[in-house]
Amino acid sequence: MAAQAKHDWADDEDLEDTTTTVAELPPMQKIQNKDGSTTIIEYRYNDDGLKVKTTRRIRYITHREVVNPLVAERKSWAKFGASAKDPAGPAVDTTSVGENIIFRPSTNWRKEAKDESKDPNAQAMKDKLKDKKVKCRICNGEHFTARCPYKDTMAPIGEAGDVAAGMGDEPSAAGAAGVASQGSAGAGKKGSYVPPALRGGARGEGERMGGKFGERDDLATLRVTNVSEMAEEQELRDMFERFGRVTRVFLAKDRDTGMAKGFAFISYADRLDAVKACEKMDGFGFRHLILRVEFAKKAA
Amino acid sequence: MRPILLSGHERALTQIKYNREGDLLFSVSKDQIICVWFAHNGERLGTYRGHQGAIWTIDVDPTSTILASGSADNTIRLWDIKTGKCLKTWDFPTAVKRVEFNEDGTKLLGVTEKRMGHLGTIVVLDVKIDVEAEQDDEKVMTIVCEESKATVAGWSYLSKYIIAGHEDGSVSQYDGKTGDLIYNISIHELNNQLTDLQWSQDRTYFITASKDKTAKLVSAKDLEVMKTYPSDTPLNSATITPKKDFVILGGGQAAMDVTTTSARQGKFEARFYHKIFEDEIGRVRGHFGPLNTVAADPTGKSYASGGEDGYVRIHHFDKGYYDFMYEVERERQNKLSAA
């Protein structure tokens with residue numbers, strides 16, 4: 001603390017520079033405040049020749065500790081043996097500080113420890129994700145990419161062709177079939193392997209069976225229509241996240257103009273959250289339009 | 001709680017001990033040196049060199065002037081704590097497994113190993129707490145353990161009894177003056193040796209640790225088992241915490257089996273039990289070998305553990321430790337503060 005009042009060698013040099021070249025600076029002021037602290041106001045010139053006023057408030061706190069005189073005396077003992085040459089204070093080769101251990105005695109510590117290990121995903125995850133900003137590279141959802149429900153079926157967002165293919169499978173998305181066939185056609189051009197079910201725009205039973213999102217829970221997906229053209233996925237996510245963990249937001253956009261087409265799908269992890277969101281958000285005014293929210297119908 | 005790691009030893013720790021004010025921590029290990037540390041920051045004050053074998057045990061007198069150590073080189077040595085000088089060496093026919101000062105530091109007991117035709121004994125030596133004084137060569141008393149050798153021993157309150165723990169799981173009470181056997185009671189499972197015996201602050205009761213995976217709180221007067229703390233691993237050490245009614249147990253599977261199991265299974269944790277309710281209330285991890293010895297700071301601010309891994313870890317308790325109370329304890333406190 002005392003050091004703050006003094007200049008160190010670097011400051012001294014500064015002062016010399018400025019006093020020789022420019023006008024006198026106001027003297028340093030020390031003001032005793034009523035609450036016991038001291039305010040120190042200093043002036044100096046910085047490198048650009050501008051005057052800088054530094055105001056510091058310093059409070060000195062005297063920490064008094066009563067120590068057994070025997071203990072105090074022992075603290076002054078000279079080191080000996082293998083430590084004889086060590087300087088004062090703990091030596092790095094013999095003493096180190098371990099990582100922090102949280103130790104909270106509790107009668108049911110065993111149960112607590114077990115609960116955490118048993119169910120790391122459900123409630124804990126839900127709470128954790130509530131205010132966390134994690135972005136999935138696949139669906140832009142707020143979860144780790146490794147946990148993405150679509151990680152096996154969709155490629156990361158940057159890879160355009162695959163995204164198109166993924167979009168093609170959105171439930172009841174308008175023009176889904178068209179996009180899908182485009183995507184697979186593109187893939188065929190590149191000469192990469194196309195599974196038989198997707199070859200030649202086949203849309204038979206086989207494709208449905210092995211459908212990419214066969215396991216997806218449509219029950220917790222909302223269809224939002226009358227969405228403004230200027231809407232962004234993130235805005236929708238922010239709005240709908242209030243009701244629960246959102247696993248996916250899909251906002252249909254025009255491929256050429258990049259404007260929203262006016263509808264979107266929101267999937268929740270939990271159907272109850274979806275029900276709540278459906279009730280609350282239906283009729284919600286968003287960007288000069290009134291949203292219409294309903295449960296998505298299964299893809300035909 | 002951020003533990004301080006002391007890495008002054010090159011081999012497994014055998015015993016650690018706080019002095020009475022809790023500011024110094026003494027540690028001994030199989031690497032033949034004794035270290036003394038400042039407990040508050042882990043700074044090493046010095047080392048005591050001179051033993052020619054693994055050191056099994058250590059004790060410090062109540063005024064923190066002299067230090068006694070027992071070693072596998074068949075000696076008990078006295079040291080000047082301040083300078084590290086060896087003051088006295090007593091020779092015995094076999095290794096010394098345990099030393100302990102009595103309450104006022106005038107008597108020292110030593111437990112010698114049963115080996116090479118010699119029976120295990122408990123010897124008592126007169127000690128003068130003065131670094132200048134000439135110490136007596138002669139033993140004041142020798143107790144021979146004919147049935148089962150003693151592994152640990154200690155002085156009860158007012159040096160009235162010598163309590164010894166045996167290899168067969170029993171505990172004996174000897175008269176502190178004459179050395180006559182008063183009781184011998186089997187408290188642990190047969191042939192599960194006692195590995196540690198530590199006193200409460202007033203020395204009216206003690207805690208034993210045994211290979212039978214339990215620790216027991218025993219009264220010194222009549223050797224009545226008052227509490228039992230069961231665990232799931234062989235125990236090497238147990239201590240009673242001052243200020244809070246807890247006991248700390250240290251153990252882990254035998255050192256020879258350690259390499260065959262992972263640290264997680266090895267149970268290398270310090271276990272906290274409530275002294276009165278006998279519930280386990282928490283564990284502290286950190287060592288990667290069994291805990292050979294645990295010690296509680298007599299002022300209640302910290303505890304330390306020494307492991308087979310060669311580390312001593314000093315843990316200074318934080319607020320959560322002091323705040324923990326059972327509902328009945330809290331009610332009682334409220335009642336007392338209201339009255």
Side-chain angles (χ1 to χ4, degrees), chain A residues 1-3 61-121 123-125 127-128 146, chain B residues 1-9 19-24 33-38 40-49 63-64 80-85 244 246 270 272-274 277 279-286 299 311 313-315 317-327:
Chain A
M1 289 236 172
I61 296 166
T62 313
H63 178 72
R64 210 175 284 277
E65 202 175 334
V66 180
V67 181
N68 185 332
L70 288 171
V71 175
E73 196 242 317
R74 284 198 281 266
K75 274 186 186 163
S76 65
W77 281 2
K79 294 188 180 185
F80 58 90
S83 287
K85 293 197 181 77
D86 290 352
V92 284
D93 58 334
T94 54
T95 308
S96 53
V97 178
E99 58 189 271
N100 198 19
I101 294 173
I102 295 164
F103 176 59
R104 244 163 242 303
S106 152
T107 44
N108 49 354
W109 70 273
R110 208 187 294 266
K111 212 173 115 207
E112 282 168 16
K114 212 180 274 172
D115 276 356
E116 259 172 43
S117 61
K118 193 184 72 190
D119 204 356
N121 288 332
Q123 192 54 42
M125 198 63 178
D127 297 343
K128 224 195 278 172
Chain B
M1 194 161 76
R2 221 168 235 290
I4 303 171
L5 274 66
L6 312 181
S7 47
H9 292 287
N19 69 342
R20 208 171 78 134
E21 288 81 21
D23 62 322
L24 297 180
I33 53 169
I34 304 166
C35 290
V36 54
W37 314 82
F38 285 112
H40 71 287
N41 64 355
E43 180 178 353
R44 185 162 74 176
L45 173 62
T47 58
Y48 306 82
R49 198 173 274 280
T63 62
S64 303
D80 177 5
I81 291 179
K82 189 175 176 180
T83 62
K85 215 171 71 195
K244 298 291 286 183
F246 299 152
F272 283 71
Y273 284 71
H274 197 280
F277 300 108
D279 293 327
E280 186 168 355
I281 52 168
R283 290 187 185 182
V284 174
R285 291 204 285 135
T299 59
Y311 280 98
R313 298 168 73 96
I314 306 178
H315 306 74
F317 296 121
D318 46 25
K319 197 164 170 293
Y321 170 86
Y322 298 105
D323 287 350
F324 172 74
M325 251 188 261
Y326 273 68
E327 204 50 50

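Convention: sequence-line order gives letters A, B, ...; per-chain numbering from 1.
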Toward chain A, the part of B/Ser64 with a non-hydrogen atom under 4.5 Å: both

Atom group of B/Arg283 that falls short of 4.5 Å from chain A, counting heavy atoms: both

Interatomic spacing from OG1 in A/Thr95 to CG in B/Asn41 - rounded to 0.5 Å: 7.5 Å

Any donor-acceptor pair under 3.5 Å from B/Asp279 side chain to A/Thr107 backbone: no

Residue B/Arg44 versus chain A: region with a heavy atom under 4.5 Å: both

Greatest number of heavy atom pairs closer than 4.5 Å to chain A - which of B/Asp318, B/Ile314, B/Leu24, B/Thr83: B/Thr83

B/Leu6 backbone acceptor or donor facing A/Thr94 side chain under 3.5 Å: no

Separation between CD of A/Glu99 and CG of B/Leu5, rounded to the nearest 0.5 Å: 9.5 Å

Proximity breakdown for B/Asn19 and chain A, heavy-atom pairs closer than 4.5 Å: side chain

Whether B/Phe317 and A/Phe103 hold their rings parallel, tilted or perpendicular, with breakpoints at 30° and 60°: tilted

Contact class of B/Tyr311 relative to chain A, heavy atoms under 4.5 angstrom: neither

Interatomic spacing from CZ in B/Arg313 to OG in A/Ser96 - rounded to 0.5 Å: 8.5 Å

Shortest non-hydrogen contact between A/Asn100 and B/Met1, atoms and distance: OD1-O, 2.8 Å

Most chain A-contacting option - heavy-atom pairs closer than 4.5 Å, from B/Gly42, B/Gly22, B/Cys35: B/Gly42

Nearest-0.5 Å distance, CZ of residue A/Arg104 to CZ of residue B/Phe324: 12.0 Å

Closest-packed option against chain B by number of heavy-atom pairs under 4.5 Å, given A/Ala84, A/Ser83, A/Ala88, A/Ala91: A/Ser83

Under 4.5 Å from any heavy atom of chain A - which part of B/Tyr321: both

Under 3.5 Å donor-acceptor, B/Arg2 side chain and A/Gly98 backbone: yes

Which of A/Asp86, A/Ile101, A/Val97 touches chain B most, by non-hydrogen pairs under 4.5 Å: A/Ile101

CG on B/Asp23 to CG on A/Asn68, rounded to 0.5 Å: 7.5 Å

For A/Ala78 against B/Leu45, the heavy-atom pair lying closest together: O-CD1, 3.8 Å

Toward chain A, the part of B/His9 with a non-hydrogen atom under 4.5 Å: neither

B/Glu21 and A/Arg74: CA distance, side-chain angles, deciding distance, side-chain contact (heavy atoms from CB on, under 4.5 Å) verdict: CA-CA 11 Å; B/Glu21 288 81 21; A/Arg74 284 198 281 266; 2.6 Å; yes

Salt bridge (charged side-chain N to carboxylate O under 4.0 Å, His left out) assessment of B/Glu43 paired with A/Lys79: CA-CA 10 Å; B/Glu43 180 178 353; A/Lys79 294 188 180 185; 3.0 Å; yes

Distance-minimising heavy-atom pair for B/Thr47 and A/Ala82: OG1-N, 2.7 Å

Flag side-chain contact, heavy atom, 4.5 Å: A/Phe80 against B/Val36: yes

